[in-house]
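All remarks here apply to the structure that follows.
The chains referred to below are lettered A, B, ... by the order of the sequence lines, with proteins before strands, and numbering in each begins at 1.
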Number of protein chains: 2
Amino acid sequence: MKSLEKAQPVRTLAKAPLLRGLSAEALEEVAAKATEKKVRAGGTLFREGEPASALYLMLEGRVKLTQVAADGHEVILRFVGPGDAVAALALFGDAAYPVTAGAVSDSVLMAWHRDVLQELFQHHPPLAVNAMRLLSERLREVQERFRELATERVAQRIARALLRLVRQVGRRVEGGVLIDLTLSRQDLAELTGTTLYTVSRVLSEWEGQGILESGRAKVVVKRPHALVAIAEDLAPGTEGRVEGRG
Amino acid sequence: MKSLEKAQPVRTLAKAPLLRGLSAEALEEVAAKATEKKVRAGGTLFREGEPASALYLMLEGRVKLTQVAADGHEVILRFVGPGDAVAALALFGDAAYPVTAGAVSDSVLMAWHRDVLQELFQHHPPLAVNAMRLLSERLREVQERFRELATERVAQRIARALLRLVRQVGRRVEGGVLIDLTLSRQDLAELTGTTLYTVSRVLSEWEGQGILESGRAKVVVKRPHALVAIAEDLAPGTEGRVEGRG
DNA sequence: CGTGCCCTTGAAGATCTTCAAACGCAGTGG
DNA sequence: CCACTGCGTTTGAAGATCTTCAAGGGCACG
């Protein structure tokens, strides 16, 4: 059924950013020390606040990293797919997971427990460097989104979120690029810090302008360039917006 | 004059989180390979977009990390003080600084250039672990603030920002805790994703309620507990707010 | 004593949320 | 085969929240 969810598995471990640059033997050792973990769609890998016991590397499927506010409001920090690492902070004994990781589709992951992990990091310095690079990339991305949330309005943020998803999980289909995961209005709202109602209105308008097509938890971007224009707050190609900010 | 700006210098390098756990000799080697850098208040350490050439460790002073949006809107990501490291991503050749680092007060820093840095990381594994821990702490904090920005309203966010600053640079004074840096309404607005006008109104109200005292670029928190109540969206101690959200 | 910077406050209005109601497709069961 | 039901979506209307603009006040420093 849900062919949307079929993300390509990682064929060669060596391609995962976390493991890049490791020698063949090192790769083998690292792989040997991992355990495999499977999570069904809807299941949870770990929850915010739990002690961080393992680092994961995704092989198949899709996982969503979220935080929940005291009042129940949920925020999506990131989607993670094959090749991506999750929970780099598992290295540090005292830490708790800062997010909840829930499987959006049936997922398969490699897992390294903390003790194993520390040993591996000792023996394979490139691993540490890779992990640091991943961490700093994440940091950069979150900082960027923080700035966006602080300075931009909803339509811009939604445009940016869609563009990111296109880059991350876009799949060419006739007439545009399909965002290749189940993505409800609510999901988009939680990605951009708004409500599902506002997302719905904005998408409706864009659909009217021929920028995209959207259905039940599905989005196909037909004119990415138009989204870029909106994200960058340029004069829109068609017309659409009323006026700049005074 | 500006006694506000006098943050205590780091006496012992070993206390800096970045260098913790290094042996005495290692410390000495690491210190020997650093160069000293001074920046006057108002000066710039590095700018967003420049190639990241060095990692810094602050000894004295205070530095502000900011991002600027295309339309000129500025966002403050973090204040950095003695003992804190800046620009951990300098390790990676290709990277550009994701933020601008401006000195808020006269500052003194140790600097390690990229090549030296990579060598040091090779020879002193604890350094890499420390750096990773720092990165993951930053990540956690930014994610937290992201969630706040996405789910909370302005007053809550300002309360949280003040509480963080109290923890970070609070100094007991008679009648409360002084936030020990030059902090204008504009600064607070850039920390919380709002405008200086809104900050002014909120602070005025809190001042009226006896929660804090504020003057020209200065804030003294008199009743931190009240701020906590506001940050957590509890019923305020005095009265103040109209009603919860729907 | 002036000048600059920061702060305050009012008023108007834009933007976004909230609530309510209804639509429509997908999968289910009769 | 059709109706039913659930869930995601749409849309209107009302209103809260926050921004924007404008004007003025006041403290610090030269």
Side-chain angles (χ1 to χ4, degrees), chain A residues 1-5 41-42 69 71-74 104 148-158 179 181-190 192-208 212-220 230 233 240-246, chain B residues 1-5 41-42 69 71-74 104 148-159 181-190 192-208 212-220 230 233 240-246:
Chain A
M1 275 312 101
K2 302 230 179 163
S3 72
L4 273 186
E5 301 300 339
D71 67 347
H73 259 96
E74 203 169 316
V104 171
E148 289 168 13
L149 198 47
T151 64
E152 298 177 353
R153 27 200 61 173
V154 172
Q156 283 179 273
R157 300 190 324 248
I158 297 174
I179 290 174
L181 48 76
T182 302
L183 188 75
S184 67
R185 305 291 181 267
Q186 178 69 33
D187 288 331
L188 266 173
E190 291 175 2
T192 53
T194 180
T195 63
L196 81 96
Y197 307 105
T198 299
V199 170
S200 178
R201 284 181 233 276
V202 170
L203 291 196
S204 291
E205 190 184 332
W206 289 347
E207 190 146 12
L212 51 75
E213 271 174 20
S214 71
R216 195 187 177 81
K218 189 192 77 159
V219 177
V220 177
I230 293 166
D233 198 17
R241 277 191 336 120
V242 194
E243 263 295 296
R245 11 170 132 187
Chain B
M1 269 315 99
K2 301 233 175 156
S3 70
L4 273 185
E5 301 301 338
D71 67 346
H73 260 95
E74 204 170 315
V104 171
E148 289 167 13
L149 198 48
T151 64
E152 300 177 353
R153 24 199 65 171
V154 172
Q156 282 179 274
R157 300 190 323 248
I158 296 175
L181 50 75
T182 302
L183 189 74
S184 67
R185 305 291 182 268
Q186 179 68 35
D187 289 331
L188 266 173
E190 291 174 2
T192 54
T194 179
T195 64
L196 81 97
Y197 307 104
T198 300
V199 170
S200 179
R201 283 180 234 275
V202 170
L203 291 195
S204 291
E205 190 184 333
W206 289 346
E207 189 146 11
L212 52 76
E213 272 174 19
S214 71
R216 196 188 179 78
K218 190 192 77 162
V219 177
V220 177
I230 293 165
D233 198 18
R241 279 193 333 120
V242 195
E243 263 294 299
R245 9 172 134 187

Test of understanding: with side-chain contact (heavy atoms from CB on, under 4.5 Å), list the residues that count as partners of [X], not counting sequence neighbours.
X: B/E148; value: B/E144, B/R145, B/E152, B/R160, B/R164
X: B/A69; value: A/R147, A/T151, B/D71, B/H73
X: A/T195; value: A/Y197, A/T198

Could you tell me how far apart [X] ([atom1]) and [N] ([atom2]) are, to the nearest whole angstrom?
X: A/Q156; N: C/dC16; atom1: CD; atom2: C1'; value: 14 Å
X: B/W206; N: C/dT8; atom1: CH2; atom2: C1'; value: 17 Å
X: A/R153; N: D/dC18; atom1: CZ; atom2: C1'; value: 11 Å
X: B/E207; N: D/dG26; atom1: CD; atom2: P; value: 15 Å
X: A/E152; N: C/dT15; atom1: CD; atom2: P; value: 15 Å
X: B/K218; N: C/dT8; atom1: NZ; atom2: C1'; value: 17 Å

If only atom types and distance count, is the side chain of A/S204 paired as donor or acceptor with the main-chain N or O of A/S200 below 3.5 Å?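 Yes; judged by distance alone, with no hydrogens or angles, the pair exists.
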
Below 4.5 Å, heavy atoms only, C-beta onward: do B/L203 and B/L188 meet side chain to side chain?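 SC-SC contact between B/L203 and B/L188 confirmed.
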
Does the side chain of A/T194 get closer than 4.0 angstrom to OP1 or OP2 of C/dC16 through an N or O atom?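 The answer is no; no side-chain N or O of A/T194 sits under 4.0 Å from OP1 or OP2.
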
Could you go through nucleotides 5-7 of chain D and list every protein N or O atom that sits under 3.5 Å from one of its N or O atoms, giving the distance for each pair?
unit_1: D/dC7; atom_1: O2; unit_2: A/R216; atom_2: NH2; d: 3.4

Under 3.5 Å, which N/O atoms of the protein pair with N/O atoms of nucleotides 9-11 of chain C?
unit_1: C/dT9; atom_1: OP2; unit_2: B/S204; atom_2: OG; d: 3.1
unit_1: C/dG10; atom_1: N7; unit_2: B/R201; atom_2: NH1; d: 3.1
unit_1: C/dG10; atom_1: O6; unit_2: B/R201; atom_2: NH2; d: 3.1
unit_1: C/dA11; atom_1: N6; unit_2: B/R201; atom_2: NH2; d: 3.3

Compute the bend angle of the helix from C/dC1-D/dG30 to C/dG30-D/dC1 from the end axes (five pairs per end), rounded to 10°.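 Its terminal axes enclose an angle near 30°.
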
